[in-house]
Amino acid sequence: MIRKRTGKTKANGVSTYHSIWQTVLLIPKGKVATYGQIAELSRLPRQPRLAGYALHNIPNGMEIPWHRVINARGKISLQNESGKRQRKLLEKEGVKFSNDRIELEQFGWQRSPAKRKKSRQM
DNA sequence: ACTGTGACTTTCA
DNA sequence: ATGAAAGCCACAG
């Protein structure tokens with residue numbers, strides 16, 4: 001059946017959610033990305049919540065590696081069984097947990113460990 | 001149109 | 001190191 005047109009087609013031709021989902025799909029296996037990163041890559045800077053919101057609204061049947069998305073602290077945001085499931089999935093992908101925490105320096109997607117130039121000016 | 005909410009992030013104590 | 005509060009903006013009712 002036809003779903004409500006939640007996805008507002010933007011000028012790009014794709015809804016914001018779709019962008020986020022697509023971005024999540026780009027996450028390589030064995031790596032994890034933060035919501036903020038997803039948002040940024042989805043052309044939604046400063047909108048990490050939308051990433052989470054979009055993930056929460058993943059349609060049934062759509063295969064999205066939502067488990068590869070974690071918060072900036074390198075931890076799982078979910079707290080219910082979903083969180084446990086996420087951790088399990090990540091471990092299965094090869095992500096190591098250090099005391100319920102993931103080393104973004106090591107498993108962070110597109111995140112240089114330390115050699116990155118000072119792109120961040122302040 | 002307005003208000004509330006949010007699978008977040010960053011900053012301050 | 002941890003904990004709380006503010007900030008941020010799109011989506012949903």
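Lettering of chains follows the sequences in order, A, B, ..., and the numbering in each one begins at 1.
- With the nearest nucleotide of DNA chain C identified for both A:L50 and A:R101, A:R101 has the one nearer the 5' end.
- With sequence neighbours excluded, no residue forms a ring-ring contact (aromatic ring centres under 6.0 Å, His included) with A:H56.
- For residues 15-40 of chain A, the set of pairs meeting the salt bridge (Lys or Arg N to Asp or Glu O under 4.0 Å) definition, not counting sequence neighbours, is empty.
- One atom, CG of A:N71, and another, P of C:dT2, lie 13 Å apart when rounded to the nearest Å.
- Taking atom CG on A:N57 and atom P on B:dA7, their separation rounds to 10 Å, with Å as the unit.
- Remark: C1' of B:dA7 and CD1 of A:I58 are 10 Å apart, rounded to the nearest angstrom.
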Practice task
List the steps and the verdict of side chain to side chain contact (heavy atoms under 4.5 Å, CB included) for A:S19 and A:R43.
Solution key: CA-CA 8 Å; A:S19 298; A:R43 294 285 151 140; over 6 Å; no
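- Residue A:S82 has no polar side-chain atom (N or O) positioned under 4.0 Å from OP1 or OP2 of B:dA7.
- Rounded to an integer number of Å, the gap from CG of A:L44 to C1' of B:dA7 is 16 Å.
- One atom, CG of A:L78, and another, P of B:dG6, lie 14 Å apart when rounded to the nearest Å.
- Among the protein residues, A:Y53 comes within range of the sugar-phosphate backbone only, with heavy atoms under 4.0 Å from sugar or phosphate atoms but none that close to a base.
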Please table the atom pairs, donor to acceptor, closer than 3.5 Å between any side-chain atom in residues 70-78 of chain A and protein atoms at least two apart or in another chain.
unit_1, atom_1, unit_2, atom_2, d
A:N71, OD1, A:R73, N, 3.2
A:N71, OD1, A:G74, N, 3.2
A:N71, OD1, A:K75, N, 2.8
A:N71, ND2, A:K75, O, 3.3

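- Legend: residues meeting side chain to side chain contact (heavy atoms under 4.5 Å, CB included) with A:A33, ordered by chain and number and at least two apart, are A:I27, A:Q37, A:I38, A:W109.
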Completion exercise
Per-nt protein contacts along nucleotides 3-8 of chain C (heavy atom under 4.0 Å; B base, S backbone sugar-phosphate only, - none) come out as ----BB
Could you pull out every donor-acceptor pair under 3.5 Å between side chains of residues 86-96 of chain A and any protein atom, sequence neighbours left out?
unit_1, atom_1, unit_2, atom_2, d
A:Q86, NE2, A:H67, O, 3.0
A:Q86, NE2, A:V69, O, 2.8
A:R87, NE, A:E91, OE2, 3.4
A:R87, NH1, A:D100, OD1, 2.2
A:E93, OE1, A:G30, N, 3.4
A:E93, OE1, A:R68, NE, 2.9
A:E93, OE1, A:R68, NH2, 3.1
A:E93, OE2, A:R68, NH2, 3.3

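- To the nearest angstrom, P of B:dC8 lies 11 Å from NE2 of A:H56.
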Can you name the atoms? Protein N/O to nucleotides 11-13 of chain B N/O, anything below 3.5 Å, with the distance.
none

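- Taking only side-chain nitrogens and oxygens, A:S77 comes nearer than 4.0 Å to OP1 or OP2 of B:dC8.
- If you measure from atom OH of A:Y35 to atom P of B:dA7, you get 9 Å, rounded to the nearest angstrom.
- To the nearest angstrom, P of B:dA7 lies 11 Å from OH of A:Y17.
- The ring-ring contact (aromatic ring centres under 6.0 Å, His included) contacts involving residues 76-103 of chain A comprise nothing, where partners must be two or more places apart or lie in separate chains.
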Practice task
Output, in order, the C-alpha distance, side-chain angles, deciding distance and verdict of side chain to side chain contact (heavy atoms under 4.5 Å, CB included) for A:R49 and A:Y35.
Solution key: CA-CA 7 Å; A:R49 311 180 126 186; A:Y35 294 97; over 6 Å; no
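- Pairs of residues two or more places apart, or lying in two chains, never qualify as salt bridge (Lys or Arg N to Asp or Glu O under 4.0 Å) while including a residue from residues 51-66 of chain A.
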